[in-house]
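A short write-up of the structure that comes next.
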Amino acid sequence: MVWSFAFGVSTKKQEELQIQIDELVIIKKERTIMSDEKKSALSFNRRDMLLGAAGLTLAAGAVKAQQVSPPLAPQIPFNYPETEFVYEAIVDIEPGLDLGKGPLGQRAMVPITGGTFEGPNIRGTVLAGGADRQLVREDGVRLLDALYELQTDDGVIFTVRNQVISSPQPGQPRFSFIQITAPEEYGWLNQSIHVGTLDSLRPEREAVLVRVFRLV
Amino acid sequence: MIKLKSITLALSLLSCFFIGSIQAQDNPQPPELSFAFEVLVEVADPTVVGLLPNGTRRIVDILGGSFEGPGIQGRVVPGGADWQIIREDGFTDIDARYTLETDSGDLIYVSNVGIRHAPPDVISRLNAGEVVDQSQIYFRAIPKFETSAPELEWLMKSIFVATGERYPNGVVIRFWRVH
């Protein structure tokens, strides 16, 4: 096994990842047997490319299918992405407006009226004036698309766009991807892809809790 | 001043009470990422459209490839591309769109939008077609999938993230489901 684990992965997580990998390796082995019989064009392309990646040159015509299908390409280490907590925001909202049914489904708009946010290197307030546009798709999945501004304690304003997929089954966790556009002072926020979680704070507060994680 | 502080403290304690146990964990549980599948994409030499106000537009055609993960595998249908902007600050905006076809003939449209950046020397070696240490490159994206195959509807019901690695004649993209 050549998988390299990044630092900071918990043992539990490593075990889970290992199980996923083991499943994958089994599938690969099954495929190897298959491709030996079928000389699958799929594996052929794969090997050709991986050899290229390793900096080797080899005439494509010389590749034999029997040599193909290394278990997930030892030339390419399997790097696991990790996440890192950035901040959490309590976003105050007003009751949603029903916008009726559009061509793509039922629509709603939830005004954002304020709130606060805080993380290890950042804190401040949620500015009023943003909103979350929602669409309920034909399959019952609710798509949220919130656009709003945060202002840090040192006066810098950045824009957050949070796109959530919400399952029709109640109680399911909700995840999102989050685009942040910040001015120079907080330029580090522009340099990563972010994902988020979304929880309701009702009935205690007419607000949602958004946690933001950087994809490392 | 002290009075003001104690009022603030009282207010913040009060708000803690109202919000309940969900608020302000020191170390929130991060979302879990599980491996969905990986795509090996063969790409053509870039077509450079030219310099725009937001950077250099270049188009990298997708020639084909393969994909594989637990319970899913197939080929990359030739004909997609990655419409990139190479920005002045060294970032590349990635906007790849292509089609996958599973071994059972189902089609998946992939739109993968993200960023790639690395130290300048690494980028220039990468652009010169050299093999570089992938750990020095931040290549991450958010994919969206569309498919009409009922057994693949999970692709449209979760958030996914993508990690990418660029090699001289191809790209490896791994998709991870957020749980």
Side-chain angles (χ1 to χ4, degrees), chain A residues 6 13 16-17 20-21 23-24 27-28 31 40-43 45-46 48-50 52-55 72-73 76-85 88 90 118 137 139 141 163-165 167 173-177 179 190-193 195-197 199-201 204-205 207 209 211 213 215-216, chain B residues 15 17-20 22-25 27-35 37-38 40-42 64-71 73-76 89 91 103 114-115 117 130-131 134-135 138 140-142 153 156-163 165 167-172 174 176-179:
Chain A
K13 205 167 174 183
E16 284 168 8
L17 294 171
Q20 285 173 22
I21 294 215
E23 284 169 3
L24 203 61
I27 290 165
K28 293 272 174 185
R31 250 222 26 231
S40 143
L42 185 72
S43 344
N45 287 341
R46 177 190 187 86
D48 195 19
M49 201 185 98
L50 295 174
L72 247 200
I76 300 179
F78 211 100
N79 294 317
Y80 284 91
E82 285 187 72
T83 56
E84 197 175 83
F85 176 59
E88 67 176 12
I90 295 168
E118 184 165 3
R137 242 165 33 184
D139 61 359
V141 171
Q163 291 176 270
V164 184
I165 292 185
S167 160
R174 291 182 287 184
F175 300 104
S176 66
F177 69 89
Q179 291 165 283
N190 300 323
Q191 297 181 0
S192 298
I193 296 288
V195 293
T197 60
D199 291 281
S200 175
L201 297 179
E204 289 83 359
R205 181 166 168 170
L209 181 73
R211 292 202 173 110
F213 300 85
L215 187 59
V216 179
Chain B
S15 67
F17 171 75
F18 277 125
I19 293 157
I22 202 162
Q23 196 219 2
Q25 293 178 15
N27 196 8
Q29 182 69 36
E32 299 267 328
L33 303 174
S34 73
F35 178 65
F37 58 95
E38 67 172 4
L40 296 144
V41 191
E42 293 164 60
S66 61
F67 72 98
E68 186 167 4
Q73 68 179 56
R75 71 182 184 111
V76 178
D89 61 4
F91 280 58
D103 280 359
I115 50 176
H117 57 89
E130 289 179 36
V131 177
Q134 297 295 323
S135 67
Y138 188 86
R140 303 282 184 265
I142 298 291
E153 69 174 12
M156 293 192 292
K157 292 191 166 175
S158 288
I159 296 285
F160 290 83
V161 296
T163 56
E165 294 178 9
Y167 296 93
N169 58 342
V171 182
V172 179
R174 295 196 176 102
W176 308 81
R177 192 178 185 176
V178 180
H179 294 273

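None of these values were measured; they are calculated from a predicted model. Quick note: numbers below take in every heavy atom, side chains included, and nothing from hydrogens, waters or symmetry partners. So that the names make sense, note that chain A is the first sequence line, chain B the second, and so on, each numbered from 1.
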Starting from the C-alpha separation in whole Å, work towards a yes-or-no answer on side chain to side chain contact (heavy atoms under 4.5 Å, CB included) for B/Tyr138 and A/Leu215. CA-CA 10 Å; B/Tyr138 188 86; A/Leu215 187 59; 4.0 Å; yes

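- Of the possible donor and acceptor atoms, none in the side chain of A/Tyr80 sits under 3.5 Å from a partner among the backbone N and O of B/Ser34.
- In this view, A/Ala207 and A/Ile90, A/Asp92, A/Leu201, A/Arg205 satisfy the side chain to side chain contact (heavy atoms under 4.5 Å, CB included) rule, not counting sequence neighbours.
- Among B/His117, B/Gln134, B/Glu153, B/His179, the residue making the largest number of heavy-atom pairs under 4.5 Å with chain A is B/His179.
- In this structure, the portions of A/Gln163 lying under 4.5 Å from any heavy atom of chain B include both its backbone and its side chain.
- Scanning for side chain to side chain contact (heavy atoms under 4.5 Å, CB included) contacts around A/Thr197 gives A/Phe175, A/Asp199, A/Arg211, A/Phe213, B/Pro31, with sequence neighbours left out.
- Considering every non-hydrogen atom in both B/Ile115 and A/Asn190, the closest pair reads CD1-O, 4.0 Å.
- Neither the backbone nor the side chain of A/Gln179 comes within less than 4.5 Å of any heavy atom of chain B.
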Would A/Arg137 and B/Lys157 satisfy side chain to side chain contact (heavy atoms under 4.5 Å, CB included), going step by step from the backbone distance to the final call? CA-CA 11 Å; A/Arg137 242 165 33 184; B/Lys157 292 191 166 175; 4.2 Å; yes

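- Interface remark: B/Ser158 contributes backbone atoms only to the contact with chain A (heavy atom separation under 4.5 Å).
- A/Arg174 does not touch chain B: none of its heavy atoms, backbone or side chain, sits under 4.5 Å away.
- Across A/Pro81 and B/Thr163, no two heavy atoms sit closer than the pair CB-CG2, 3.6 Å.
- Once rounded to the nearest 0.5 Å, the distance linking CG of B/Leu33 with OG1 of A/Thr83 reads 6.0 Å.
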